[in-house]
Amino acid sequence: MSEHVRVRFAPSPTGYLHVGGARTALFNWLYARKTGGKFILRIEDTDVERSTQEAVDGLLRDMKWLGLTWDEGPEVGGPHGPYFQSQRLEIYHRYARQLVEKGAAYPCFCSEEELEAKRMKAEEEHRSVHYDGTCRRLSKEEVDRRIAAGEPHVIRVKVPEKDYILDDLVRGKVEWKAETLGDFIILRSSGMPVYNFCVVADDADMQISHVVRAEEHLTNTHRQLILYEALGIKPPVFAHASLILGEDKTKLSKRHGATSVGQYAEDGFLREAMINFLALLGWNEGTDREIYSVEELKERFSLERISKSPGVFDHAKLTWMNGQHLRALPVDQLLPMVEPLLKKAMPEETRLQNPEILRKLVELIQIKMNVLNDAVDVARSFLQAGEPENEEAAAMVATEKSQKLFAALADEFSRCEWVRDGYNAAIKAAGKIAEAKGKDLFMPIRVKITGTCHGPDLVGILDVLGRDETLKRLK
Ligand code: GLU
């Protein structure tokens, strides 16, 4: 069965890739990768007024950044293309013709004015305001004659008088009553197909096996089930994931902070952390585990464990998770990500030009970082040290004992071998001379050399600064 899994992400290119959309894409991608199925990217751009090329470019860029590679879709093509709805009009017309030919849909010539009048009358008489089916009853001869005469018409699907039940993988049984819909339009008089019809025609044509999407599309599923039935095609399996909420439990919006994937990329978040975070925003294995690699998610993900309750987008948790992933990266991987940031922020810093020092620096600051952009602040805190950061720090270096310590240390440092064992021994010796131990020993030295009471490992800092710079700062 697994080779038949075909899932899709079908964004409308009317804005940036939202974290909610990215989660939908991720669930589909994980399911395809887990089952060895295919992941298809389809651009739903029939709303020409709101769709832009810029949005398409941004979507593809952000999908690539996340590593959500697609097997069929824009740029890569595939056997069921084109993958832009705006280029598939012929396909929609073909499906509409099929429906008319088999009597499951019909042309409707009722004008807007007639329909409006009928709606008003129905409302007055407290009847259902659905389309009354006038053109359902036209003879074939009349239909042919009016079409030949060029009368404008839409195509409507015949909605059967029956309830529809969806067995959703996440939400369970969802039921729609027969009387809630009239014969609805699938093709407008302009020849433009309506949204739900495009989705069904495409999902059918692209042989989609599972539709995994957000809860907001659940109501569309009623019409879509009717269309599958009309076409005589078995509908895919549906799984509607819950909404994503902000921390105040209202629908996630810009008010809650960044909601675009691109913004997180720019703010120095890692792809691995973003994927981990989004995966757990509405899916879990039934354990408390929070940190997963992408590979582990690919193995463990299942549609059945998508959660029914809404996920809460917790920024602090995302930052924490990013720190976990970032600190677990091999230095070789982190270095090329951090190097351009550092060089851009401190172009005058010649130490950054030395590959050996740069590597030591990255090793040193890694444990203090949560996001990539933290690298600059952490590195700057000791590379470009200034005066003590506050009164407490200033007082610490001003004591007689500290002065004695710095003098002794400068002496020891100027003679010792400039390796870790060497300066550790020098610090110890200077401590003896100045009678300073523990915190009294290390804190003043740290403040004297870096200006702050915090920061990475002192010995590591000495590695990066080198002997000359250290001595200059001590004196
Ligand atoms: N184009 C729709 C959207 O961007 C998705 C439709 C679907 O997944 O069925 O929300």
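Order of listing sets the numbers, starting from 1, for every ligand and every atom in it. All residue numbers in this chain count up from 1 along the given sequence. Please read these numbers as outputs of a predicted model, since none were measured by experiment.
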Query - Taking every non-hydrogen atom, the tightest pair across Thr69 and Arg33 - result: O-NH2, 2.9 Å

Query raised in the report: Are the aromatic ring centres of Tyr31 and Phe39 under 6.0 angstrom apart?
Result: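 No, the ring centres sit 6.0 Å or more apart.
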
Report task. Using the six-membered ring wherever Trp is involved, compare the ring planes of Phe269 and Tyr264 and label them parallel, tilted or perpendicular (cut-offs 30° and 60°). Result ->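 Perpendicular.
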
**Report entry** Pair Asp457 + Lys368: basic N to acidic O under 4.0 Å
**Finding:**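 A salt bridge is absent here (no side-chain N lies under 4.0 Å from a carboxylate O).
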
Query raised in the report: Under a 4.5 Å cut-off applied to non-hydrogen side-chain atoms, are Asp167 and Ile165 in contact?
Result: no

Report summary line: Counting only non-hydrogen atoms and a 4.0 Å cut-off, the residues near ligand 1 are Arg8, Ala10, Pro11, Ser12, Glu44, Tyr195, Val199, Arg213, His217

Query raised in the report: Is the backbone of Ala230 close enough, under 3.5 Å, to the side chain of Lys102 for a donor and an acceptor to pair up by distance?
Result: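 Side chain of Lys102 to backbone of Ala230, a donor-acceptor pair under 3.5 Å: yes, one is there.
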
